2 protein chains.
Amino acid sequence: MRTAESAVETIQREMTVFARRARASAGRMHPELSLVSYTLLGHLEESGGCRATDLAAHYALDKSTVSRQVAALERAGLIERRPDPEDHRVQELRLTGAGQEILAQVTRRRRAAFRERLAEWPEDDLVRFAAYLERYNAGVEGIGPD
Amino acid sequence: MRTAESAVETIQREMTVFARRARASAGRMHPELSLVSYTLLGHLEESGGCRATDLAAHYALDKSTVSRQVAALERAGLIERRPDPEDHRVQELRLTGAGQEILAQVTRRRRAAFRERLAEWPEDDLVRFAAYLERYNAGVEGIGPD
DNA sequence: ACATTCCGGTTGCAGAGTACAACTCGCGAC
DNA sequence: GTCGCGAGTTGTACTCTGCAACCGGAATGT
């Protein structure tokens with residue numbers, strides 16, 4: 001099936017291009033929040049608070065990396081840790097008000113960039129594209145596991 | 001237009017997830033070739049040889065970064081430089097045989113991962129997804145300029 | 001023809017992100 | 001109580017990256 005083959009090829013290539021660009025443009029678009037910090041904050045917002053280990057597992061990062069990122073975010077006042085009264089080993093991480101603020105602001109900026117980029121797209125295409133991406137990322141493992 | 005709004009939202013979110021995952025999975029899938037090295041080699045193959053400055057411009061990297069990457073790739077024997085007889089400032093970069101070899105090998109591995117991930121997709125969807133991605137990346141600037 | 005400016009590339013420096021390994025401390029099982 | 005395990009931190013080292021300063025060749029203007 002020639003068409004499917006080359007479509008897969010194209011998908012691979014274009015996803016790779018996008019991934020390679022993303023970090024640089026994130027740096028330019030919101031220097032105050034790296035791509036990783038942004039996704040960590042985002043995860044905290046979604047989950048409403050979780051442990052550092054959860055973040056590490058979820059993002060396939062070493063726990064030391066997460067520990068340092070978390071320390072930086074705390075230093076910046078964007079998150080806070082509260083020790084778990086049950087188990088003194090764990091600490092729950094939560095967004096602070098400032099963290100929610102920054103996150104919302106960066107999200108707005110990113111959203112604006114995406115919206116502009118997609119401005120000319122017919123609604124049908126947007127919906128389908130979104131569905132494809134969700135479906136792709138929902139795949140368990142492969143090019144980019146969680 | 002509610003649907004389009006939320007579609008854009010989803011696209012932003014999913015593209016971000018993908019981008020964040022890409023590095024880690026690239027490292028796991030082919031430790032011998034970072035994502036950037038891979039795309040640089042890929043570009044050299046596509047273009048059939050180009051200058052370091054072209055790479056820098058194309059990938060929005062600083063020329064010093066490219067210079068170092070190129071040096072490393074040359075040290076590894078994957079590319080070679082040949083001074084331009086016309087202009088002694090420039091040097092054309094070309095894949096060596098070993099470079100083509102490695103590139104092909106990594107591409108095979110990546111392709112297999114993508115293919116597996118997309119195995120269940122109907123051909124129509126693959127084709128449309130590929131087209132959307134191309135269209136997205138073709139946009140001049142925005143979330144991830146070239 | 002010479003000076004100035006431009007351009008491709010390299011190098012020094014600094015900072016972020018990351019992993020691995022060794023460590024501390026608290027929890028739970030035996 | 002001791003032992004192993006899990007959460008998190010810290011030391012170390014390496015890569016990637018950008019900025020700024022620089023070198024040398026090319027192009028341009030006077």
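Note that the coordinates shown come from a computational prediction; the quantities given were computed from them, not determined experimentally. Each chain gets a letter, A, B and so on, in the order its sequence line appears, and its residues count up from 1.
- Here the side chain of A:Arg117 pairs a donor or acceptor atom with the backbone of B:Tyr136 at under 3.5 angstrom.
- Between A:Arg135 and B:Asp125 there is a salt bridge, since at least one side-chain N of the basic residue sits less than 4.0 Å from a carboxylate O of the acidic one.
- Taking atom CG of residue B:Asp62 and atom C1' of nucleotide C:dA14, one finds them 13 Å apart after rounding to whole Å.
- Judged by closest nucleotide on DNA chain C, B:Val70 is the one of A:Lys63 and B:Val70 placed further toward the 5' end.
- A heavy-atom distance below 4.5 Å is found between the side chains of B:Ser37 and B:Gln69.
- Note on A:Thr53: a side-chain N or O is less than 4.0 Å away from OP1 or OP2 of D:dG8.
- The two atoms that bring A:Ala113 and A:Met29 nearest to each other are CB-SD, 3.8 Å, heavy atoms only.
- Residue B:Arg51 is in sugar-phosphate contact alone, with no base atom involved, counting any heavy-atom pair closer than 4.0 Å across all strands shown.
- Near DNA chain C, defined here as any heavy-atom distance below 4.0 Å, the residues from residues 71-93 of chain B are B:Arg81, B:Arg89, B:Val90, B:Gln91, listed numerically.
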Note to self: Please evaluate residues B:Val106 and B:Leu41 with respect to the criterion side-chain contact (heavy atoms from CB on, under 4.5 Å), reporting the C-alpha separation (whole Å), side-chain torsions for both, the decisive distance (0.1 Å), and the verdict.
What the structure shows: CA-CA 11 Å; B:Val106 170; B:Leu41 289 190; over 6 Å; no
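- Judged by distance alone, with hydrogens and angles left aside, A:Ser64 brings a side-chain donor or acceptor within reach of the base of C:dC20, the pair sitting under 3.5 Å.
- Residues from residues 33-42 of chain A placing a heavy atom under 4.0 Å of any atom in DNA chain C, listed by number, are A:Ser34, A:Val36.
- Minimum heavy-atom separation, A:Ala52 to A:Val66: O-CG1, 3.6 Å.
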Item checked: Stepwise side-chain contact (heavy atoms from CB on, under 4.5 Å) test for A:His43 and A:Tyr59 -> CA-CA 10 Å; A:His43 191 80; A:Tyr59 291 114; 3.3 Å; yes
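- Between A:Gln69 and C:dT18 there is a side-chain N or O to OP1 or OP2 distance below 4.0 Å.
- Listed here is the closest heavy atom pair of A:Gly77 and A:Ala98: O-CB, 3.7 Å.
- Rounded to a whole Å, the CZ atom of B:Arg68 is 8 Å from the C1' atom of C:dT10.
- Between the B:Ser6 side chain and the B:Glu9 main chain, no donor and acceptor come within less than 3.5 Å of each other.
- For the OP1/OP2 pair of D:dT9 and a distance below 4.0 Å, the side-chain nitrogens and oxygens of A:Ser67 include at least one atom meeting the criterion.
- Residues B:Arg109 and B:Glu32 are paired through a salt bridge, judged by an N-O separation under 4.0 Å between the basic side chain and the carboxylate.
- One axis for each end of the helix from C:dA1-D:dT30 to C:dC30-D:dG1, each built from five base pairs, and the angle between them comes to 10° at 10° resolution.
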Margin query: The test is side-chain contact (heavy atoms from CB on, under 4.5 Å); show your working for A:Ile11 and B:Leu126 and say whether it passes.
Written below: CA-CA 8 Å; A:Ile11 291 166; B:Leu126 286 177; 4.0 Å; yes
